[in-house]
Amino acid sequence: METRRYRDTRRLDTTRPAFTDAVVKGIALGGGLYVPEDLPTFTLAEVLALADMPYWKRAAVIFERFGVDLPAERIGELMRLSYGENFDDPRIAPIEEVIAGMHVLELWHGPTSAFKDMALQCMPVFFSEGIALKQSRGELTDDYLVLVATSGDTGKAALEGFADRDHTRIVVFYPAEGVSDIQRKQMVTQRGENVSVFGVRGNFDDCQNAVKAAFNDEAFNTELHEKHGLRLSSANSINWGRLLPQIAYYVSAYADMVASGGVTAGDEIDVCVPTGNFGNILGAYYAKRMGVPLGKLLCASNENNVLADFIATGTYDISARRFVTTPSPSMDILISSNLERLLFELAGAERVREWMASLSAEGRFQVDRETFRLMREHFIGDWVSNDESLGVIARVYDETGYLMDPHTAVAWEVAERLRDANPVLVVSTAHWAKFGGDVFKALTGLLYDDPLPEDAAKLSGVELLGRVQELAGNACVPRALAELDAAEQRFTAVVDAGKDGVENAVRGWLG
Ligand SMILES: *Cc1c(COP(=O)(O)O)cnc(C)c1O
């Protein structure tokens with residue numbers, strides 16, 4: 001297979017990297033995002049043939065067709081590492097038909113029980129391979145230090161993905177008072193010799209600003225290079241290495257849907273995705289462009305509904321928007337960074353430059369009529385309120401016995417509202433047990449803003465999961481979560497917010 005090259009969405013970077021290079025670089029020169037120069041296509045027969053393969057092989061086939069710059073055999077080896085015993089279901093991304101025509105694609109069988117694992121179990125493996133390649137070609141002497149600011153889920157998934165990967169180290173900063181008991185314990189009990197975790201005195205914004213300031217501090221970058229042979233990287237969700245694995249599960253899911261009789265070969269299925277940064281649903285869009293028979297792509301938002309408004313009106317406007325907290329925090333986003341890739345595919349680099357300039361200057365941009373029409377050919381959107389999403393969890397559990405997390409509930413509700421005759425694939429992005437407090441509220445009829453009853457509020461996050469199980473008899477808790485209270489807490493340090501807090505934490509750890 002010929003190596004495929006990448007260009008950026010603003011056409012400001014002339015380097016045309018191959019896959020592993022684009023992954024190591026992360027963001028393009030000039031601030032654009034890497035996209036493939038062209039897309040491979042699959043015939044229906046090629047899609048359906050995936051159903052007979054284990055998941056790692058399906059992902060390998062898709063990476064090969066994408067012209068990833070590694071030998072096919074090596075891609076296969078890396079995919080076995082990415083999608084194997086680290087998942088608690090051998091199907092990796094199984095599909096459950098919950099009611100007739102509504103199929104839930106479960107993307108949370110990985111080690112951290114959330115969808116980020118689908119990309120972050122895979123991307124670090126290729127990142128590490130990419131560094132090794134560059135070093136062997138003499139283009140690089142440094143290893144990489146990944147710095148992450150997290151509001152919860154991404155930090156843990158990144159830690160688990162990078163733990164003990166060659167040529168990489170990772171440090172995660174989380175707001176000490178801003179994550180749930182379970183989220184904190186998931187991070188501070190992380191295994192691995194190349195990982196570290198710090199709480200930050202402050203909120204998520206403080207965390208993120210401090211990490212950004214460290215990235216932009218030239219003296220700090222020089223010090224890391226000279227003293228430790230390290231370069232900084234962020235491995236965030238705009239990295240193409242996180243996008244490509246998310247295309248794979250949509251191709252794979254269509255093959256599974258046909259194999260199980262959920263859809264007749266060649267007929268369309270619609271896909272409904274709980275959306276934040278637009279990365280997950282963009283995977284579905286690319287899969288559709290590559291020939292997978294997907295119909296409407298339903299974009300589901302919570303009360304931070306800037307995307308639902310954009311898809312309805314063609315105007316993206318955050319100039320007067322306030323950030324709302326919701327029971328689906330991984331979708332609490334104002335700037336959906338991966339949207340830039342869709343805009344590029346629909347309208348080209350020149351428009352993207354205009355719109356992104358307008359977004360940073362005025363907090364808004366409006367697409368032209370032709371782009372709006374093209375977007376509406378594929379996408380419709382809607383949003384769900386905080387209390388509605390808890391109501392959905394209770395209703396679906398009562399009616400079907402299927403327990404879902406608040407992110408999935410947002411997608412379920414939007415799918416029910418917008419579905420037509422096509423079968424719908426509702427994308428489930430977290431195990432319910434990651435958000436046990438809100439699931440408990442849902443099952444006991446409380447509203448989102450209600451406090452937990454006193455006897456529940458004094459329980460640890462894990463103990464509260466036991467209370468949910470008393471209410472929902474068939475609900476299982478993943479082993480890694482159930483064992484959290486007993487696990488050793490390796491990382492207890494809390495540091496000051498600000499650049500110095502973050503940099504000194506890194507210095508202290510590197511020694
Ligand atoms: C990250 C995340 C999302 C949002 O995915 P995007 O790719 O950012 O749109 C939804 N649900 C959960 C549980 C997540 O962790």
Side-chain angles (χ1 to χ4, degrees), residues 33 93 104-121 123 148-161 174 179-180 182-183 186-187 204 235-250 271-287 297-308 310-311 326-342 379 381 383-384 389 393 404-415 426-436 438-439 478 481:
L33 314 188
V104 174
L105 173 62
E106 297 179 346
L107 298 180
W108 38 256
H109 288 277
T112 80
S113 304
F115 123 88
K116 299 287 187 292
D117 289 334
M118 294 302 298
L120 279 167
Q121 284 297 295
M123 181 269 197
V148 181
T150 184
S151 54
D153 286 352
T154 303
K156 174 62 184 179
L159 284 165
E160 196 61 47
Y174 68 93
V179 300
S180 73
I182 287 191
Q183 285 176 322
Q186 274 192 303
M187 290 188 277
F204 174 57
N236 57 22
S237 81
I238 55 174
N239 191 302
W240 180 259
R242 286 182 60 177
L243 234 305
L244 189 49
Q246 297 178 178
I247 298 173
Y249 54 72
Y250 287 105
V271 172
C272 186
V273 187
T275 298
N277 247 324
F278 212 75
N280 194 349
I281 197 167
L282 191 67
Y285 168 78
Y286 280 121
L297 309 177
L298 311 179
C299 177
S301 302
N302 62 23
E303 291 189 11
N304 292 299
N305 55 4
V306 59
L307 276 172
F310 174 61
I311 292 168
T326 73
S328 40
S330 299
M331 300 155 68
D332 289 345
I333 273 163
L334 291 181
I335 298 198
S336 262
S337 32
N338 267 302
L339 186 62
E340 179 167 338
R341 286 195 167 101
L342 176 69
F379 292 90
W383 65 279
V384 178
S389 55
I393 294 172
M404 56 181 58
D405 97 290
H407 302 76
T408 309
V410 166
W412 180 275
E413 172 65 18
V414 168
V426 177
V427 177
S428 178
T429 50
H431 191 285
W432 68 264
K434 284 214 73 162
F435 300 93
D438 286 320
V439 172
L481 294 181

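Indexing begins at 1, ligand by ligand and atom by atom, following the structure's order. Atom set for the values below is all heavy atoms of this structure, side chains included, hydrogens, waters and symmetry mates excluded.
- W240 and Y286 have perpendicular rings, their planes meeting at more than 60° on a 0 to 90° scale where under 30° would count as parallel.
- Counting only heavy atoms of the protein, atom 12 (C) of ligand 1 lies nearest to T429 OG1, 3.4 Å.
- Ion pairing between a basic and an acidic side chain is recognised when a charged N comes within 4.0 Å of a carboxylate O; D405 and K434 show no such pairing.
- The distance from ligand 1 to the heavy atoms of N280 drops below 4.0 Å at these ligand atoms: 7 (O).
- Which parts of ligand 1 touch A430 is read off a 4.0 Å heavy-atom cut-off, strictly below it: atoms 13 (C).
- The protein atom (non-hydrogen) at minimum distance from atom 1 (C) of ligand 1 is K116 NZ, 1.3 Å.
- Distances between N or O atoms of F435 and those of ligand 1 include no value under 3.5 Å.
- Taking every heavy atom of P274 and a limit of under 4.0 angstrom, the matching atoms of ligand 1 come to 4 (C), 10 (C).
- Note that the NE2 atom of H407 and the OG1 atom of T429 stand 5.5 Å from one another [nearest 0.5 Å].
- Here CG of L120 is found 11.0 Å from CG of D153. Values are rounded to the nearest 0.5 Å.
- Set against the non-hydrogen atoms of F278, the atoms of ligand 1 under 4.0 Å away are 6 (P), 8 (O), 9 (O).
- Residues V410 and S301 have side chains not in contact (no heavy-atom distance under 4.5 Å, counting atoms from C-beta outward).
- The closest side-chain heavy-atom distance from M123 to L244 is not below 4.5 Å.
- Nearest non-hydrogen protein atom to atom 8 (O) of ligand 1 is N277 N, 2.7 Å.
- Of the protein's non-hydrogen atoms, F115 CE2, 3.5 Å is the one closest to atom 5 (O) of ligand 1.
- Counting heavy atoms from C-beta on, the side chains of V179 and F204 never come closer than 4.5 Å.
- For the pair N280/L107, a side-chain contact is recorded, criterion being any heavy-atom separation below 4.5 Å from C-beta on.
- Atoms of ligand 1 lying under 4.0 Å from at least one heavy atom of T275, given by number and element, are 9 (O).
- Less than 4.0 angstrom separates some heavy atom of G279 from each of these atoms of ligand 1: 6 (P), 7 (O), 9 (O).
- Neither the backbone nor the side chain of A114 has any atom closer than 4.0 Å to an atom of ligand 1 (non-hydrogen atoms only).
- Side-chain contact between V273 and L297: absent, with no pair of heavy atoms (C-beta onward) separated by less than 4.5 Å.
- When only non-hydrogen protein atoms are considered, atom 9 (O) of ligand 1 lies nearest to G276 N, 2.8 Å.
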